Amino acid sequence: MPLQLAVPQPDGVIAEHTLFAGRDYVVGRSQGSDIVIANSKVSRQHASLRARDDDSWLFTDTSSTGCYDNGMPVETTTIQSPRVLHFGPVPCRLTPVSRKGLVKQDSQQVWRKQQLGRYHRQINRCDSTLALVNVARECMQQTLHCERAAFILFDKQAGFQSSIGFQPWMEADSFSGSRTIISRCMEAGTPLAIGNIQQDTTLNTQQSILQHGIKAALCVPVKIENDIVGVLYGDNTQGRVYFSDTDVRFATSLGQFLSLRLLFQSIEHKISLAACS
């Protein structure tokens, strides 16, 4: 049975690796490892994984800093069901998956590409900003399975543009998303995905994280030319605890579609003003 290993990256994205029986896999900090964990507290060759039979994998700690399961040291263990093990300080999810499950995941990737094309066509047909907001929110929820999602537009005076597309959780006085994650995304001007938020010491003291139990969040800037005019934002409080690199690429593509459509709307508006003058 193949094994999937989900590894947090320095930018917050989760890289998913699929391991197959027939060889040993080395996990560690070294670039020569089969699966690289970029963290200075992870040993160069931190652990090894090998399929024992059709139903289980053997995990062996080969590090100097240790591996842990719920805080308890692990030297060797059998993986037969989903587990979260810490490689030093880095939590990684190990999930045995059937070959039928892999085929299903491949089919899901094909479906996502089809969905992206469908939403692209919908975006091109949008004749208002409100329509864009609704399409973007639907795409984030239906395709990326965000429990809460929004295309948040900004203006220079009010910050959040509360007049269009707002959901109850986005009200300014009771906004329950993460302003910190949105601010970081806008400052960097690049997509930001955060998983296992409640274990992230830079975020788990934020009021919105504590009060609303946000487990994972994804934020993508939307630009007109070089100016950030808003973000695609989605988060989860109950279900999945991370967004993968595939999720981020999908959301980034969606953000680019939105940016182009907003640019076209801006150009059309300028042309209509010029025609009236």
Side-chain angles (χ1 to χ4, degrees), residues 1-113 144-145 193-201 215-216 218 236 239-250:
M1 179 178 291
L3 180 73
Q4 287 192 332
L5 177 60
V7 180
Q9 302 301 293
D11 60 2
V13 176
I14 301 297
E16 294 179 318
H17 306 271
T18 303
L19 286 56
F20 295 91
R23 53 164 295 196
D24 290 359
Y25 291 86
V26 174
V27 183
R29 190 181 76 249
S30 169
Q31 290 301 313
S33 298
D34 297 299
I35 295 94
V36 177
I37 302 179
N39 186 293
S40 61
K41 295 183 179 180
V42 171
S43 296
R44 292 177 59 81
Q45 296 183 339
H46 200 98
S48 67
L49 285 158
R50 176 171 56 86
R52 297 186 64 175
D53 48 44
D54 290 340
D55 298 316
S56 65
W57 284 72
L58 179 65
F59 175 93
T60 304
D61 177 16
T62 59
S63 72
S64 59
T65 54
C67 297
Y68 303 90
D69 183 359
N70 290 321
M72 300 299 293
V74 175
E75 294 185 358
T76 182
T77 187
T78 299
I79 308 295
Q80 293 178 301
S81 59
R83 302 266 298 274
V84 174
L85 298 179
H86 282 70
F87 293 67
V90 181
C92 298
R93 183 176 295 272
L94 297 90
T95 306
V97 58
S98 66
R99 293 188 181 275
K100 183 178 179 180
L102 287 180
V103 171
K104 182 178 179 181
Q105 289 178 5
D106 288 341
S107 298
Q108 185 181 50
Q109 295 305 320
V110 173
W111 174 78
R112 278 190 173 183
K113 289 180 180 179
L144 296 183
H145 305 295
I194 303 293
N196 295 315
I197 287 179
Q198 294 172 342
Q199 297 184 31
D200 187 327
T201 57
K215 294 181 178 180
L218 172 62
N236 291 325
R240 60 188 303 194
V241 297
Y242 66 83
F243 291 100
S244 70
D245 47 358
T246 304
D247 297 330
V248 174
R249 287 196 298 270
F250 183 94

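Model, not experiment: these values are computed from the prediction.
In this structure, the separation between CG on Leu58 and OG1 on Thr76 is 4.0 Å, given to the nearest 0.5 Å. The CE atom of Met72 lies 12.5 Å from the OG1 atom of Thr77; values are rounded to the nearest 0.5 Å. Note that CD of Gln4 is 6.5 Å distant from OG1 of Thr95, once rounded to the nearest 0.5 Å. Once rounded to the nearest 0.5 Å, the distance linking OH of Tyr25 with CG of Leu5 reads 11.0 Å.
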Sequence neighbours left out, cut at 3.5 Å: what donor-acceptor pairs do the side chains of residues 34-43 make with other protein atoms?
unit_1	atom_1	unit_2	atom_2	d
Asp34	OD1	Arg23	NH2	2.5
Asp34	OD2	Arg23	NH2	3.0
Asp34	OD2	Val26	N	2.7
Asn39	OD1	Lys41	N	2.8
Ser43	OG	Ser64	N	3.1
Ser43	OG	Ser64	OG	3.2

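Under the ring-ring contact (aromatic ring centres under 6.0 Å, His included) criterion, Phe59 pairs with Phe87, sequence neighbours left out. Applying the side-chain hydrogen bond (donor to acceptor under 3.5 Å, both in side chains) test to Thr78 and every residue at least two apart in sequence or in another chain returns Arg52. Every residue meeting the side-chain hydrogen bond (donor to acceptor under 3.5 Å, both in side chains) condition with Asp53, not counting sequence neighbours, appears here in chain and number order: Ser56.
Counting all heavy atoms, side chain and backbone alike, Tyr68 lies closest to Gly88 at CD1-O, 4.0 Å. Counting all heavy atoms, side chain and backbone alike, Ala15 lies closest to Asp245 at CA-OD2, 4.1 Å. Between Ala47 and Thr62, the shortest heavy-atom distance links the atoms N-OG1, 3.3 Å. For the pair Trp57 and Ala51, the tightest heavy-atom approach, listed with the atom from each and the gap, is CE3-N, 3.3 Å.
His46 places a side-chain heavy atom less than 4.5 Å from the side chain of Cys67. Residues Cys92 and Pro8 form a side-chain contact, since some pair of their non-hydrogen atoms from C-beta on lies under 4.5 Å apart. Within the 4.5 Å cutoff, no side-chain heavy atoms of Ser48 are placed close to those of Asp24. Within the 4.5 Å cutoff, no side-chain heavy atoms of Met1 are placed close to those of Leu3.
Here the side chain of Glu16 pairs no donor or acceptor atom with the backbone of Ile14 at under 3.5 angstrom.
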Ile79 and Leu85: CA distance, side-chain angles, deciding distance, side chain to side chain contact (heavy atoms under 4.5 Å, CB included) verdict: CA-CA 10 Å; Ile79 308 295; Leu85 298 179; 4.1 Å; yes

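Sorted by first and then second residue, the salt bridge (Lys or Arg N to Asp or Glu O under 4.0 Å) pairs with a member in residues 62-76 read Asp69-Arg83; sequence neighbours excluded. For residues 55-66, no pair satisfies salt bridge (Lys or Arg N to Asp or Glu O under 4.0 Å), with sequence neighbours left out.
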